[in-house]
S.K.: 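One structure, pasted below without further comment.
Hydrogens, waters and symmetry mates are skipped; everything else that's a heavy atom, side chains included, is used.
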Protein chains: 2
Amino acid sequence: MGPKNQDYSEHPKFHVALDCIIFGFEQGELKLLIHKRRIEPFKGHWSLFGGFLKDKESLTDAANRILRELTGLEKIYMEEIQTYGEIKRDPAARVISVAYYALIPSHRYSDEHSKQYGATWVSLKDLPALIMDHDTMVEKGLMRLRRRASSQPIGFELLPREFTIPQLQTLYEAIYQSELDKRNFRKKILSKDVLIKLEEKDKIHSRKGAFLYRFDKRKYKHLVDGGYNFTI
Amino acid sequence: MGPKNQDYSEHPKFHVALDCIIFGFEQGELKLLIHKRRIEPFKGHWSLFGGFLKDKESLTDAANRILRELTGLEKIYMEEIQTYGEIKRDPAARVISVAYYALIPSHRYSDEHSKQYGATWVSLKDLPALIMDHDTMVEKGLMRLRRRASSQPIGFELLPREFTIPQLQTLYEAIYQSELDKRNFRKKILSKDVLIKLEEKDKIHSRKGAFLYRFDKRKYKHLVDGGYNFTI
DNA sequence: TCAAAAGTGTTGTTGATACACCCATGA
DNA sequence: TCATGGGTGTATCAACAACACTTTTGA
């Protein structure tokens, strides 16, 4: 079992980068966190947040590092989307880039970070053109988000810990870009039995006020362990 | 827009490899094409087929090259699964590996190739332990195969051009590892209206003989272009 | 003539959709 | 008192699951 010291030295090496497709939800809209690139090539053009892989870190470590540096947040929901390896995708040099998508509860994202990194939340509806193959990445990330949203309760990653049913519905409508019937939505989401109804109401968004709910992670985990398949 | 010559030279470089999770279907069983590794480390242990990325090729080119060299076939159904970047995944050196899964119609796979590369079809049921993180890759590839099989008509990639309904059912049963009702299966698959019934029967697998069908790619493409969502 | 696999319809259940009115509240 | 958004129930339809017998043919 002991490996001899084969070093693969006859094979070429490549720069490996990561790009993060960061989704958030603000003012009833699905948004993407982007910035104006500060280095050449494409300096000053809109870009996803990214960075290079370092010697002593795994890919997931690197993605987490980039998100942590940018947002100050730990334990962000994150998933690999795809790896991009076209030869000329970066005109400056050959770079293999692994795209991750991340969901962040935008209310926990502070403006200080935003200023420091020049980060901007942009509504998906008026997204500017992005550099290189970043548009493709976003497209693919959005598809993944839709798929995930319909099979796992990830919507909760984008909302505050306490939220109302109408809020949750607005989120799903933003994700799917289509209107949902509120009676059917409520019925379906409550039938999953993974929401805890709280005593208080949210009185900010309406006069009447809507009851707050919290996602019951324990119950959800229990269901999943029992082979349950969450579906919206 | 003209990039200055930024060369990213302060960032480290890595070996980039590809590993192929190659599924086939033989004798009513779902199989995986593997071999005994010929280089250190892990020489002589069961491994997926893989190889290193070259300077002048994209990731998909590389995956296609590896599959072509191994099978002699072009236009194989192939899809990226995930990229593996743990630091110690290969004890000999740091290697980032992109895992692809591929479906090959095993009847078109010749034994010569098999001998030349020491390739072996192994039933998923009695799969030996594989090196490094290849077990994880296979697990993930299998999940992807199941997901795809239920949303795209990929089953046809694994069968000869002409096949019978019972054959197709056996394939789906092998993929899902569960028995299906033949009346319901036939009803459902025919209702998709993407199979062309032929005049001839296959008389090899039964006395009575079963009608042969062919997948109607044109019709399928037409449906998909019209927004149709194939589902099994 | 019999064993082995192909082929065929109906029924009940469940989940999805469509749809309209009353309620609570702050301004 | 009224405008705004929150909350509720039912009826219809489509998709899915369960289920048993007849047909063909080579040995």
S.K.: Minimum heavy-atom separation for A/Tyr84 to A/Ala99, with atom names?
M.R.: CE1-CB, 3.9 Å
S.K.: To the nearest Å, how far apart are A/Phe185 CZ and D/dG9 P?
M.R.: 18 Å
S.K.: Among the candidates D/dG5, C/dT8, D/dT8, find the nucleotide nearest to the side-chain atoms of B/Arg186.
M.R.: C/dT8
S.K.: Could you state the atom-to-atom distance from CD1 of B/Ile204 to P of D/dG26 in whole Å?
M.R.: 13 Å
S.K.: If you assign A/Asp181 and A/Gly209 each to the DNA chain D nucleotide with the nearest heavy atom, which residue ends up on the more 5' nucleotide?
M.R.: A/Gly209
S.K.: Give a yes-or-no answer on whether the side chains of A/Ser58 and A/Asp61 include a donor-acceptor pair shorter than 3.5 Å.
M.R.: yes
S.K.: Between atom NE2 in B/His205 and atom C1' in C/dA4, what is the gap in whole Å?
M.R.: 14 Å
S.K.: CD1 of B/Ile189 versus P of D/dC16: gap in Å, rounded?
M.R.: 12 Å
S.K.: Name the orientation class of the two ring planes belonging to A/Tyr101 and A/Phe23 (parallel below 30°, tilted from 30 to 60°, perpendicular beyond 60°).
M.R.: perpendicular
S.K.: Can you check whether any acceptor in the base of D/dG6 is under 3.5 Å from a donor in the side chain of A/Lys201, or vice versa?
M.R.: no
S.K.: To the nearest Å, how far apart are B/Lys203 NZ and D/dT25 C1'?
M.R.: 6 Å
S.K.: Which listed nucleotide (C/dT25, D/dA17, D/dA20) is nearest to the side chain of B/Lys187?
M.R.: D/dA17
S.K.: Report the distance from atom CG of A/Leu168 to atom C1' of D/dG7, rounded to the nearest whole Å.
M.R.: 16 Å
S.K.: Please work out whether the ring planes of A/Phe42 and A/His45 are parallel, tilted or perpendicular, with thresholds of 30° and 60°.
M.R.: perpendicular
S.K.: Taking atom types as modelled, is there a side-chain donor on A/Lys182 or A/Gln169 under 3.5 Å from an acceptor on the other?
M.R.: no
S.K.: Expressed as a whole number of angstroms, how long is the span from A/Glu173:CD to D/dG5:P?
M.R.: 14 Å
S.K.: For the pair B/Lys140 and B/Met137, evaluate side chain to side chain contact (heavy atoms under 4.5 Å, CB included) and give the outcome as yes or no after the intermediate values.
M.R.: CA-CA 5 Å; B/Lys140 189 124 191 192; B/Met137 294 181 183; 5.8 Å; no
S.K.: Could you please name the option among C/dG9, C/dT17, D/dG6 that lies closest to any side-chain atom of B/Asn184?
M.R.: C/dG9
S.K.: Note down the inter-axis angle between the two ends of the helix from C/dT1-D/dA27 to C/dA27-D/dT1, five pairs each, to the nearest 10°.
M.R.: 0°
S.K.: From the options D/dA3, C/dA6, C/dC19, select the nucleotide whose nearest atom is closest to the side chain of A/Arg183.
M.R.: C/dC19
S.K.: When you get a sec, tell me which of D/dA3, D/dG7, D/dC19 is the closest nucleotide to the side chain of A/Phe211?
M.R.: D/dG7
S.K.: NA contact type, A/Lys182, heavy-atom cut-off 4.0 Å: base, sugar-phosphate, or nothing?
M.R.: base
S.K.: Does a side chain donor of either B/Thr164 or B/Asp202 reach within less than 3.5 Å of an acceptor in the other side chain?
M.R.: no
S.K.: Given that A/Lys208 and A/Leu190 both sit by DNA chain D, which one's nearest nucleotide is further toward the 5' end?
M.R.: A/Lys208
S.K.: Take the protein atom CD of B/Gln169 and the nucleotide atom C1' of C/dA5, then report the distance between them rounded to whole Å.
M.R.: 12 Å
S.K.: Assuming nearest nucleotide by heavy-atom distance, tell me which of A/Arg207 and B/Ala210 is located more 5' along DNA chain C.
M.R.: B/Ala210
S.K.: Return the CD1 to CD distance between B/Ile81 and A/Glu80, rounded to the nearest 0.5 Å.
M.R.: 10.5 Å
